[in-house]
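Input: a single structure, listed below in structure tokens.
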Amino acid sequence: MPTTSTDPRAAAAALLAPGTTCHGFAVERCETVPELDSDAYVLRHTASGARLLYLACDDENKAFAIGFKTPPADSTGVFHILEHSVLCGSAKFPVKEPFVDLIKSSMQTFLNAMTYPDKTIYPVATTNEQDLYNLMDVYLDAVFNPAIYTKPTIFEQEGWHYELDLPEGAEGEGDGSAASLHEGTLRYNGVVFNEMKGALSDPMSVLDDAVNAALYPDTAYAHESGGDPRAIPTLTYEQFLDTHARHYNPSNSYITLYGDLDVDRALAFLDERYLSQPSAASCRMDAAVAAGEDPSMLAPNPLVVQAPVTCEYKRIEMSTTPENALVGLGLVLGSALDRKRTIAADILFEALLGSNEAPVKKAILAAGLGGNVVSYTAAESLQPYELIMLQNAQPGVARELRRVFQDACRDLCEHGVPRERLEAIISSNEYDLRQRDYGIADGVAIACDALSTWLYDDDAATLALKYGPVYEELRGELDGSYFEDLLRELVLKNDHMALVELVPVDAAEGSEGAGAAELAAKRDAMTDAELADVVERTAALRAAQEAEDTPEAKATLPRLRVSDIGEARPEPPLVVDTTAPIPCLRHGIPTNRLAYAMQYFDLSCVAFEDLPYVTLLCRLLKQLPTSEHSAEELDNLLAGKLGFLSFTTEVMTQPDVDGVRPYLLVSAGALSEKIDALASLPREVWSSTLLLDADADRVRDVLTQIRIGLEQGFINNGHSAALGRAMSYSSPSAVVREQLSGVDFYLFLRDLLEHFDERLDNLRAKLAELADRIFVADGCLASFTGSDEDFDAYWDAAGDLGLGAGDGAGRDALVVPAPCDRHEAFVIPSDICFAASACDPRRLGIDVTGTWAVAANALSYDYLWNEIRVKGGAYGCGFRAAGERQAAFYTYRDPAIDPSIERVERAGAWLGSFEPDEAAFEGFIVSCVSGMDAPVKPYALTKRRNTTYLAGLDPHAREERRAQMLAATPGELRSLGTDVTRIAAESPTCVFGGRDVIAKSNANFNVVDLLG
């Protein structure tokens, strides 16, 4: 809820005149940023040197961020470990996990921290102004006065430490003889250590790191900022503290304030509480100078420009599956401060490589060098670069990729880059900019964007935010040779580039065995006393992790009360408009002159075994020509006229526990001035795509790209795959989802690709037959979000969408097989695992109310966080009680399976004895309700409301759930303990993980080598 009544822009103008000083901040300048409907004020704190950017605008979702320039000097991941560690207690807030305490007790709409290759950012957002100050207070004390200086266990927990797994019967120093200590298994553990084992199981991340090392060998970008698991254990505690002291000081900081807030109060708070006070880091620095250390050696790490270098070819090896072979071509674009050049390059490479019909991507695919080509503009670095990546690469094609790429670009330089493609990309980007759907709180995204230039020049605080003139200028450049000249410079005459090939090797040749041997050698080289010390330090760490915060420490944390929560955000009623040619869900939601149109087509007419073909149909539509346009023409038309057009599938659970209703969803968005295209283009695609004549190579390319995307998802987001698969063991809805997009679909797709030529004709016929059956008026429901004028204009242009009535045949063709527990563990190329146990609680006779959301919060951020993340070293974990139709436990980038399963089994007992103090319990309620009340962008809100309708949920269910959260009591949560125990015991489990991790489990999984 808004907590200020004055216009924030007017208030800021009255207070922050350039040339004046306010609470120790010199106001350097003010600029209007029309792209963000805001005024930007650039200030500098005179005493400390801290920089500050305030964006005054009428957004109730206020934000604060503090960032530091943190270019690494090695790959120990010190800045990543610091990002985790400073949020583990501070001088003013001496609790173990203030970050988690804030998650479970504030009204935050964003709360996190991020380590980039050259900076670290700590952003927060909330709709409550007092909450903003609470969050600022905790974050600022965390970064300036962290407990790391007095508690080395924080470094061990978040970074790395040794653990010695003793033989059975030799547990602890008293039981273990010297011989048994030397028989123990020495291993590393730590949250960041395990996180990066997971992150660097992704071949694309490994390739990107290698390209950076080749492009910028003499700079910070040559290092893995997140930390290389091989280098992390070389970081010492003293180096860790020294790095903090040198970098976490106000003169190296960048502060952003955003939104409708009292900026006078905010500046006074920053000045009086932190920027004018000594910090732990400054005290350490002063002591170092007093001890005679050279002040120049105490400065932050430098961030320097890399002189042009050319890496003609570099080969790296990785233990992964053959399908993960990659080639990367990196091209440095210039300077981060040349925004026109960076944006133009992004537009240019999107036009050349952004779709299968883009001219350069088409040439590479036609050459048969690999399964897919993607490109990425890395703009958030001192010297932005473009990475062109060939996925599923054929052996030894790196130089051929470069030749084909350069030849295609040379042809475009000579004959011209198609202007319709460039115009379409510019239009698409402008749609995205108007929509402002960042996926996170606006102020957080904007703070991060600002640092993409501000970090490199104090005069460039708003450079990245004022993109309007750049786009106007680039539209003007369409009439000349600007884009051809730029392409020539970046591709044909670029002396700053690198070509890197990632070659998969057999797992036996990989790092896991070598790492175990190295640790065994370290153990053998340790003395008896050193091994005993490992056991003692591990025990001390466990004791620190298990120790409860004192009441006095807990009392230091600022907390909101339930009374600080306002009324629920009102939503306009959902209207089913039956006057439209197709029944239409009508949403009266403000959209900033955008319109969204959707059509839900009932899939109950499709047999279960044919559902995978529906997914293929969705992915091939837009990729093939229609009766009116070639594939290339259609690609340009869609990008230029629509903000987006997607064909996807959605599965709605139903009030009946066995009920399931799948849909094919057509979603599109457009500027209000392009309503005609919103009405006509989706219809053209679904009704006239030439499926029976589909080009074999084009279809094969799309199917291969789907396969590659699924495999990347299994490796990087295995918890999502595990949740879906675990649900399919007991839920018919999840069985259908698996057939449409999960493991079952993946296995179907692999088989189809292996027999592609012999099955092509049948595939074409099946897709055409399904399109005729699905795209009919019978069972279709429309949805529209936009102004009344746009609604009328849309239906005037759309008519009945060209949908025939359908013959009604096969409307009950879908028969879903009964789910069964398969107890699967899927092997993926990784050093960690993802696990999930899930069920539909209705199967157990459990009624999931709003009280369950509060219980899930307590379980996730109290019990599971401490047991699985803090003690177990997993990067993530949680318990979900989603609405009334899912209950699930999960772990993310977990080093082991069985310990987490055992801890999940004890979750119900923990909840059954849960006795929080009043303030802590109110915090759980506040955070639950605020999460429900957080602002939602129009498109996401539309989809949520549509799902409520189609899933047969009570339209007032959210209000009731919210009221139940507010009324929850500790006793009610304790009463759920027995049910949580049942859920943990009776929910089937699924795992995605590395072969070695799975082999160490005693859970007797049915092991499936998923990726071959």
Side-chain angles (χ1 to χ4, degrees), residues 187 189 191 194-195 197-202 319-321 507 510 512 710-731 734-735 737-738 741-747 750 819-840 860 864 867-869 871-880 886-907 983-1012:
R187 62 186 175 92
N189 202 355
V191 173
N194 291 323
E195 176 189 351
K197 284 178 70 176
L200 296 183
S201 295
D202 175 13
S319 174
T320 187
T321 57
E512 188 74 15
L710 287 167
E711 291 168 351
Q712 289 298 313
F714 295 144
I715 295 171
N716 295 325
N717 295 295
H719 64 303
S720 296
L723 278 166
R725 190 68 173 180
M727 277 296 292
S728 77
Y729 300 152
S730 62
S731 166
V735 170
R737 290 189 187 96
E738 283 293 292
S741 59
V743 169
D744 290 335
F745 172 74
Y746 171 74
L747 296 174
R750 282 190 71 106
C820 62
D821 182 2
R822 301 183 184 184
H823 199 58
E824 294 159 311
F826 294 100
V827 176
I828 58 174
S830 182
D831 291 332
I832 45 77
C833 72
F834 308 87
S837 301
C839 72
D840 186 330
S860 296
L864 294 173
E867 291 292 320
I868 294 178
R869 178 182 164 110
K871 296 179 186 178
Y875 182 52
C877 56
F879 174 70
R880 296 180 180 178
Q886 184 197 61
F889 291 92
Y890 69 92
T891 69
Y892 179 82
R893 290 182 180 168
D894 196 340
I897 298 170
D898 293 357
S900 293
I901 290 177
E902 292 168 6
R903 287 160 170 151
V904 164
E905 290 171 348
R906 298 195 296 268
I983 289 171
E986 300 185 42
S987 293
T989 299
C990 177
V991 170
F992 284 68
R995 188 181 306 279
D996 290 340
V997 181
I998 293 172
K1000 293 174 183 175
S1001 171
N1002 295 316
N1004 295 317
F1005 286 105
N1006 296 312
V1007 180
V1008 180
D1009 197 346
L1010 182 61
L1011 308 187

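Residue numbers count from 1 along this sequence.
- The minimum heavy-atom distance linking S730 with C839 is given by the pair OG-CA, 3.7 Å.
- In this structure, L1010 and V743 approach most closely via the heavy-atom pair CD1-CG1, 4.1 Å.
- Residue N1006 places its CG atom among more than 12 non-hydrogen atoms of other residues, nucleotides or ligands, all under 6.0 Å distant.
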TODO: Check the pair R995 / D1009 against side chain to side chain contact (heavy atoms under 4.5 Å, CB included), numbers first and verdict last.
DONE: CA-CA 9 Å; R995 188 181 306 279; D1009 197 346; 3.0 Å; yes
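- The shortest side-chain heavy-atom distance between K197 and S201 does not fall under the 4.5 Å cut-off.
- Across P895 and G872, no two heavy atoms sit closer than the pair CG-O, 3.3 Å.
- Residues D898 and S1001 come closest through the heavy atom pair OD1-OG, 2.6 Å.
- Checked by atom type and distance alone, the side chain of S860 pairs as donor or acceptor with a backbone atom of F879 at under 3.5 Å.
- For S900 against A896, the heavy-atom pair with the smallest separation is OG-O, 3.8 Å.
- Between the OH atom of Y890 and the CD1 atom of I868 there is a distance of 10.0 Å, given to the nearest 0.5 Å.
- Between V997 and I832 there is no side-chain heavy-atom pair separated by less than 4.5 Å.
- Using a 4.5 Å cut-off on side-chain heavy atoms (C-beta onward), I897 and K1000 make no contact.
- Taking the six-membered ring wherever Trp is involved, the centroid distance between the rings of F834 and F992 does not fall below 6.0 Å.
- In this structure, the side chain of D202 does not engage the main chain of N716 through any donor-acceptor pair within 3.5 Å.
- T989 and S837 make their closest contact through OG1-OG, 2.7 Å (heavy atoms, listed as atom of the first residue, atom of the second, distance).
- With rounding to the nearest 0.5 angstrom, the SG atom of C833 is 12.5 Å from the CZ atom of R893.
- Looking only at side-chain heavy atoms (C-beta outward), Y875 and R869 come within less than 4.5 Å of each other.
- Under the 4.5 Å side-chain criterion, counting only non-hydrogen atoms from C-beta, L1011 is in contact with P829.
- Residues Y729 and H823 are not in side-chain contact: their nearest non-hydrogen atoms beyond the backbone lie 4.5 Å or more apart.
- A donor-acceptor pair shorter than 3.5 Å can be found between the side chains of N189 and N194.
- Rounded to the nearest 0.5 angstrom, D831 CG and D996 CG are separated by 8.0 Å.
- The CZ atom of F889 sits 10.5 Å away from atom SG of C877, with the distance rounded to the nearest 0.5 Å.
- With contacts defined as side-chain heavy-atom distances shorter than 4.5 Å, the pair R737/M727 does not qualify.
- For the atom pair OG (S731) and CD (Q886), the distance works out to 9.0 Å, reported to the nearest 0.5 Å.
- Looking at R725 and D744, their side chains come closer than 4.5 Å, going by heavy atoms from C-beta outward.
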- [ ] I would like to know whether R880 and L723 meet side chain to side chain contact (heavy atoms under 4.5 Å, CB included); could you show each step before the answer?
- [x] CA-CA 10 Å; R880 296 180 180 178; L723 278 166; 3.3 Å; yes
